[in-house]
Amino acid sequence: MEYSLISKETPLISNLNIVENISIIKEIDELMPTKTAQKLATKYLKKIELSDFAFKRPIECTATQKFHIMLLRALMSRDNFIIVATPLYLINTLKDIKVIINSMKILNEKNILILDTLSNEIHYEGCRCNIIK
């Protein structure tokens, strides 16, 4: 199964701005022209109301914003599945997981699977999530 992984092992590229971090996937994998890929990245940013951050560097973003950028980058890949590994460790300031669940619903273009530990189960009340031990 081909999938894109969102985890601490898949960081953003610090010398690229947000649009470039997202669009680079289409540019490399599909040889999409830069302007076309960046328009698509901007469209995704607008969908989740992050277009204000389009030209900032990852260091200027919060952990939640960085997560959303990683999610958008995964959406740009050819893979049909996205696996999000322990989002509460990626976003250590996150109090309510529904923030990212809602973004995933808005961007509902691929199969997204969230894997988390049993110790974080309480954060997923009312949400559909696979818990691993």
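FYI, side chains are in, hydrogens and waters are out, and symmetry mates aren't considered; it's all heavy atoms of this structure. One is the number of the first residue; the rest follow in order along the sequence.
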Is any side-chain heavy atom of [Y] closer than 4.5 Å to one of [X]?
{"X": "Ser14", "Y": "Ile59", "result": "no"}
{"X": "Asn80", "Y": "Glu2", "result": "no"}
{"X": "Val84", "Y": "Met104", "result": "yes"}

For [X] versus [Y], what's the shortest heavy-atom pair and its separation?
{"X": "Leu115", "Y": "Pro87", "value": "O-CD, 4.0 Å"}
{"X": "Arg73", "Y": "Thr10", "value": "NH2-O, 3.1 Å"}
{"X": "Leu90", "Y": "Ser7", "value": "CD2-C, 3.5 Å"}
{"X": "Ala37", "Y": "Met76", "value": "O-CE, 3.7 Å"}

The test is side chain to side chain contact (heavy atoms under 4.5 Å, CB included); show your working for Glu20 and Arg57 and say whether it passes. CA-CA 10 Å; Glu20 292 167 336; Arg57 303 259 183 222; 4.3 Å; yes
Under 3.5 Å: donor-acceptor pair, side chain of [X], backbone of [Y]:
{"X": "Lys66", "Y": "Leu12", "value": "no"}
{"X": "Ser4", "Y": "Asp79", "value": "no"}
{"X": "Lys8", "Y": "Tyr89", "value": "yes"}
{"X": "Lys110", "Y": "Ser77", "value": "yes"}
{"X": "Asn111", "Y": "Phe81", "value": "no"}

In Å, rounded to the nearest 0.5 Å, how long is the span from [atom1] of [X] to [atom2] of [Y]?
{"X": "Lys46", "Y": "Asp52", "atom1": "NZ", "atom2": "CG", "result": "10.5 Å"}
{"X": "Phe53", "Y": "His68", "atom1": "CZ", "atom2": "NE2", "result": "11.5 Å"}
{"X": "Leu50", "Y": "Thr42", "atom1": "CG", "atom2": "OG1", "result": "12.0 Å"}
{"X": "Leu71", "Y": "Ile22", "atom1": "CG", "atom2": "CD1", "result": "9.5 Å"}
{"X": "Ile18", "Y": "Gln65", "atom1": "CD1", "atom2": "CD", "result": "8.0 Å"}
{"X": "Ile6", "Y": "Thr86", "atom1": "CD1", "atom2": "OG1", "result": "11.0 Å"}

Would you find more than 12 non-hydrogen atoms of other residues, nucleotides or ligands less than 6.0 Å from Glu49 atom CD? no
Side-chain heavy atoms nearer than 4.5 Å, only ILVMFWY residues, links allowed to pass through others: does that put [X] and [Y] together?
{"X": "Ile13", "Y": "Phe67", "result": "yes"}
{"X": "Met70", "Y": "Leu107", "result": "yes"}
{"X": "Ile48", "Y": "Leu40", "result": "yes"}

